[in-house]
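Have a look at the structure below before the remarks.
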Amino acid sequence: MPQYFRDSPESLVPDALAGFAAAHADLVDYNPDHGYFHTRHTAPARRVGLVSGGGSGHEPLHSGFLGTGMLDAACPGRIFASPHNRQIFEASRAVARAEGVLHIVKNYTGDRINFGIAAERLAHEGIHCARVLIDDDLATDSDDIAVGRRGTGATLIVEKILGAAADEGRGLEDLVALGTDVTRRARSLAVASAAHTAPASGAPAFTLPDNVLEFGVGIHGERAEGTTPHAPLGKLVETMTDQLLAALPDSAGTRVLALVNGLGPITSLELYGIRDAVAKALDDRGVGLDRSLTGTFVSALDMRGFSLTLFATDAEALRLWDAPARTPAWPL
């Protein structure tokens with residue numbers, strides 16, 4: 001079984017947070033007492049602070065996207081666990097602007113509860129707070145799932161577009177409306193050939209037979225409803241593309257932004273091959289590819305797989321996507 005390089009299971013996250021803060025001290029500041037990062041640089045025109053967060057193990061999300069053009073603060077939780085409401089409250093209070101703070105929240109029960117408690121505490125202090133809920137995971141689009149679709153790869157797209165809009169000085173209500181619309185026009189789907197390794201035990205979260213893929217896996221290692229044979233890449237991507245396009249709103253048009261995201265140890269060689277397959281699949285279906293981003297941005301520890309996110313674009317979204325950003329992990 002693979003083993004993580006660490007002093008102990010308990011030290012893995014705090015050591016990583018300290019190392020991240022030191023490595024990017026020109027861009028971010030770490031508050032170890034309250035467990036959050038905040039940016040050292042932000043646009044003077046901002047009227048709303050942007051705060052996100054989630055479990056550790058998804059790096060570079062969210063801390064890697066702190067800085068000009070993206071987030072003001074990020075709250076890392078334990079491995080695959082929501083940050084505590086105290087972290088979120090303190091981070092939000094530190095970066096709140098004249099019109100308050102906006103929480104960008106992935107749709108998981110713990111995240112919703114803790115960000116909600118933090119919002120209530122902020123209201124008691126007279127700080128305006130609103131939330132954009134990311135629920136892009138097509139694999140959990142079912143009436144049988146009470147919490148609804150999970151939040152996955154589209155989180156990065158929302159953080160980038162809202163960051164650019166916040167830099168322009170947009171108000172809280174406008175940012176909520178924009179973030180809600182971006183989420184509505186994005187869907188994601190993930191596949192894996194092997195599960196992540198649990199840091200505490202060194203054991204895989206689940207096992208798969210040879211030549212079988214988990215189709216619709218979650219970024220915390222949640223099992224999919226089913227498996228699929230390990231088909232050639234082109235066929236696999238065509239299947240994923242067809243399902244994602246069918247799930248986009250009817251009003252979305254025929255142009256998209258594609259995020260090809262590695263979930264763990266998948267190689268750049270494979271990811272760029274996937275990107276090529278996505279472009280071919282979209283072209284064959286008469287769908288224009290306006291922008292693409294390829295790399296590991298929303299990982300799941302060492303899960304061997306990838307996710308594909310399609311976002312239906314328009315001129316305004318592309319303008320905001322193309323706006324400059326300077327963060328530890330933003331590549332453009």
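Values below: all heavy atoms of this structure, side chains included; hydrogens, waters and symmetry mates excluded. For reference, positions follow the sequence shown, starting with 1.
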Query raised in the report: So do R112 and N107 actually touch side chain to side chain, heavy atoms under 4.5 Å?
Result: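 Touching, per the 4.5 Å side-chain cut-off.
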Query raised in the report: Is there side-chain contact between N261 and T152, with heavy atoms separated by less than 4.5 Å?
Result: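 No, every pair of side-chain atoms sits at 4.5 Å or beyond.
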Query - Within the 6.0 Å centroid threshold, strictly below: H58 and F80 - result: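 Ring centres of F80 and H58 closer than 6.0 Å.
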Requested in this report: Check whether the ring centres of Y108 and H220 lie less than 6.0 Å apart, and answer yes or no.
Outcome: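 They qualify: ring centres under 6.0 Å apart.
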Let me check something: do [X] and [Y] share a hydrophobic cluster, defined by ILVMFWY side-chain heavy atoms less than 4.5 Å apart, either directly or through other members?
X: L122; Y: V132; result: no
X: L162; Y: V95; result: no
X: V101; Y: V158; result: no
X: Y272; Y: L308; result: no
X: V28; Y: Y36; result: no

Query raised in the report: Does NE2 belonging to H128 count more than 12 external heavy atoms closer than 6.0 Å?
Result: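 Counting neighbours around NE2 of H128, 12 or fewer heavy atoms of other residues, nucleotides or ligands fall under 6.0 Å, so no.
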Report task. Scan for side chain to side chain donor-acceptor pair (under 3.5 Å) pairs involving residues 315-326, sequence neighbours excluded, and state none if there are none. Result ->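 Found E168-R319, R170-E316, R291-D322, E316-R319.
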Query raised in the report: Which residues pass the side-chain hydrogen bond (donor to acceptor under 3.5 Å, both in side chains) test with Q87, sequence neighbours left out?
Result: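 Applying side-chain hydrogen bond (donor to acceptor under 3.5 Å, both in side chains) to Q87 gives none.
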What pair of heavy atoms forms the shortest contact from [X] to [Y], and how long is it?
X: S188; Y: G153; result: OG-N, 3.9 Å
X: P76; Y: G35; result: CD-O, 3.5 Å
X: F37; Y: A21; result: CE2-CB, 3.8 Å
X: V48; Y: G171; result: CG2-C, 3.9 Å

Using the side chain to side chain contact (heavy atoms under 4.5 Å, CB included) criterion, which residues pair with [X]? Sequence neighbours excluded.
X: K235; result: A231, E238
X: A16; result: none
X: D7; result: S11, D15
X: A81; result: R78

Side-chain cluster (under 4.5 Å, hydrophobic types only) that [X] belongs to, other residues:
X: I113; answer: I117
X: V105; answer: I88, F115, L133
X: L318; answer: none

Query raised in the report: Where do D314 and R185 land on the side chain to side chain contact (heavy atoms under 4.5 Å, CB included) test, with the steps shown first?
Result: CA-CA 10 Å; D314 58 25; R185 292 189 279 141; 3.3 Å; yes
Backbone of [Y] reached by a side-chain donor or acceptor of [X] within 3.5 Å:
X: T313; Y: L257; answer: no
X: D136; Y: A154; answer: yes
X: D302; Y: T197; answer: yes
X: S299; Y: E59; answer: yes

Requested in this report: Scan for salt bridge (Lys or Arg N to Asp or Glu O under 4.0 Å) pairs involving residues 117-132, sequence neighbours excluded, and state none if there are none.
Outcome: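 Non-adjacent pairs meeting salt bridge (Lys or Arg N to Asp or Glu O under 4.0 Å): R93-E125.
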Query raised in the report: salt bridge (Lys or Arg N to Asp or Glu O under 4.0 Å): which pairs involve residues 187-205, sequence neighbours left out?
Result: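 For residues 187-205: none.
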Report task. Go through the steps for H230 and S193 under the test side chain to side chain donor-acceptor pair (under 3.5 Å), then give the verdict. Result -> CA-CA 8 Å; H230 202 312; S193 60; 5.3 Å; no
Return a table of donor-acceptor pairs under 3.5 angstrom between the side chains of residues 68-75 and protein atoms on other chains or two or more places apart.
from: D72; atom 1: OD1; to: T42; atom 2: OG1; distance (Å): 3.2
from: D72; atom 1: OD2; to: R46; atom 2: NH1; distance (Å): 2.6
from: D72; atom 1: OD2; to: L50; atom 2: N; distance (Å): 2.8

Query - Intermediate values then yes/no, side chain to side chain contact (heavy atoms under 4.5 Å, CB included), L178 and L320 - result: CA-CA 11 Å; L178 176 61; L320 295 169; 3.9 Å; yes
Requested in this report: Let me see the working for R40 and L27 under side chain to side chain contact (heavy atoms under 4.5 Å, CB included), right down to the final yes or no.
Outcome: CA-CA 5 Å; R40 290 182 178 271; L27 295 175; 6.0 Å; no
Report task. Go through the steps for E214 and M303 under the test side chain to side chain contact (heavy atoms under 4.5 Å, CB included), then give the verdict. Result -> CA-CA 11 Å; E214 194 79 4; M303 181 183 289; over 6 Å; no
**Report entry** Euclidean distance, I104 CD1 relative to D111 CG, rounded to 0.5 Å
**Finding:**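 Those atoms lie 13.0 Å apart.
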Query raised in the report: Would you call D284 and K280 a salt bridge, using N to O less than 4.0 angstrom?
Result: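 No.
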